[in-house]
Amino acid sequence: MEMIKKIVLGLLLFVASVVYAEDTILIGETEIKLPQVEGFQSIGQSHFMYDIMLSFVPPTNELLDIKLQNSDIAAEVRGDEPQYNRYIVVQTYRPAKNRAVTDSEFTQLRNYLDTQYDDMTRAIQSKIDELSEKGSKAISDKYSVEMAFKVSENVPLETFYNEGQRFSAMHLMRTDVNVEGISEVVRTTMGLNVLHVKKKIIYLYVYEESDSESARDWVKSTSTSFSEAIIKQ
């Protein structure tokens, strides 16, 4: 991943300054506050990483916020190499953004996810492949860098919460990355948290680029603390 990060750094140098986003998201006409996460900052839409992530958001979803570690943002400002090994992404489900999702509907959603999660993950692999291909092409065309991403493994590990206003599950992912003919493998632990806040649906993704036990612990604890803080408002 080091070579890829160096390319990213080179592109970042074209950004004159880091633009910070407000820690507030808007779903339909509903404003929802995003509490601070210790050690992280939200980034603005003009940030390079926001543009990169946007290329891989499925058309059914809307990207609302990305949080990077303070240390990575400080490295960008200094012109040093950021690591991007932990980050947080917030999205919503477009078809439901302008309507109220009832408690009963969300309970049905949680129960469906709980019973069908493994099968659903396998079923959407072809959609993930399609999205990865389109996203890679978009980045290559825009930045004149030959990049190809493919999620070759997406393994559900566990559902670690399924009550009230939240469903949380953990995945291990393997992404095969090729940049300018050089291939690398990135292993990532991801926490997927589906939240019901102010009658809206929030998808909260928590990532660490590692498949270690400590990565699982961090993803689970961060998913839990951040989800609970959002739900409390």
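Excluded from the calculations below are hydrogen atoms, water molecules and symmetry mates; all remaining heavy atoms, backbone and side chain alike, are included. Only a predicted model underlies this, so the values are computations on that prediction, with no experimental measurement involved.
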With a 4.5 Å cut-off on side-chain heavy atoms, are [Y] and [X] touching?
X	Y	value
Ile139	Val145	no
Asp129	Lys150	yes
Val186	Phe149	no
Arg187	Leu172	no
Leu34	Leu64	no

Taking atom [atom1] of [X] and atom [atom2] of [Y], what is their separation to the nearest 0.5 Å?
X	Y	atom1	atom2	result
Ser132	Gln125	OG	CD	8.0 Å
Ile27	Lys200	CD1	NZ	7.5 Å
Gln91	Leu54	CD	CG	9.0 Å
Glu31	Leu26	CD	CG	7.0 Å
Ile230	Ser225	CD1	OG	9.5 Å
Thr189	Met173	OG1	CE	10.0 Å

Considering only NZ, NE, NH1 and NH2 on the basic side and carboxylate oxygens on the acidic side, decide whether [X] and [Y] come within less than 4.0 Å.
X	Y	value
Asp23	Lys67	yes
Arg216	Glu158	no
Asp141	Lys137	yes
Lys134	Glu130	yes

**Ser212 and Ser214 side chains, donor-acceptor separation under 3.5 Å** = yes
Minimum-distance pair of heavy atoms, taken over all atoms of [X] and [Y]:
X	Y	answer
Asn193	Gly191	ND2-O, 3.6 Å
Val219	Val206	CG1-O, 3.9 Å
Ser183	Asn178	OG-ND2, 2.8 Å
Tyr143	Ile52	CE1-CD1, 4.3 Å
Phe40	Asn70	C-OD1, 3.3 Å
Asn98	Gly28	OD1-CA, 3.3 Å

**Item:** Met53 vs Val89, side-chain contact (heavy atoms from CB on, under 4.5 Å): CA-CA, chis, key distance, verdict
**Value:** CA-CA 9 Å; Met53 194 66 68; Val89 178; 3.9 Å; yes
**Message:** For Ile201 and Leu109: C-alpha separation, side-chain torsions, deciding distance, then whether side-chain contact (heavy atoms from CB on, under 4.5 Å) applies.
**Reply:** CA-CA 10 Å; Ile201 298 294; Leu109 173 61; 4.2 Å; yes
With no hydrogens and no angle check, is any side-chain donor or acceptor of [X] less than 3.5 Å from a backbone partner on [Y]?
X	Y	result
Thr115	Tyr112	yes
Asp72	Gln83	yes
Ser152	Thr175	no
Arg110	Gly164	yes
Arg94	Asn61	yes
Glu208	Arg86	no
Gln165	His196	yes

Between [X] and [Y], is there a shared hydrophobic cluster once you connect ILVMFWY residues whose side-chain heavy atoms come closer than 4.5 Å?
X	Y	value
Val37	Leu195	yes
Val155	Phe167	no
Leu131	Ile66	no

**Message:** Before you tell me yes or no, could you show the steps for Ser227 and Leu204 under side-chain contact (heavy atoms from CB on, under 4.5 Å), namely the whole-Å CA-CA distance, both residues' side-chain angles and the distance that decides it to 0.1 Å?
**Reply:** CA-CA 8 Å; Ser227 294; Leu204 171 64; 3.4 Å; yes
**Item:** More than 12 heavy atoms from other groups under 6.0 Å of OH on Tyr93
**Value:** no
**Atom CD of Glu153: over 12 foreign heavy atoms under 6.0 Å** = yes
**Asked** How far apart are the C-alpha atoms of Val185 and Asp176, what are their side-chain angles, what is the distance that settles it, and do they pass the side-chain contact (heavy atoms from CB on, under 4.5 Å) test?
**Response** CA-CA 5 Å; Val185 173; Asp176 299 320; 3.6 Å; yes
**Message:** If you take the centroid of each ring, where Trp contributes its six-membered ring, are His171 and Tyr117 closer together than 6.0 Å?
**Reply:** yes
**Message:** For Tyr205 and Tyr207, take the angle between the two ring planes, folded into 0 to 90°, and tell me which bin it lands in: parallel under 30, tilted 30 to 60, perpendicular over 60.
**Reply:** parallel
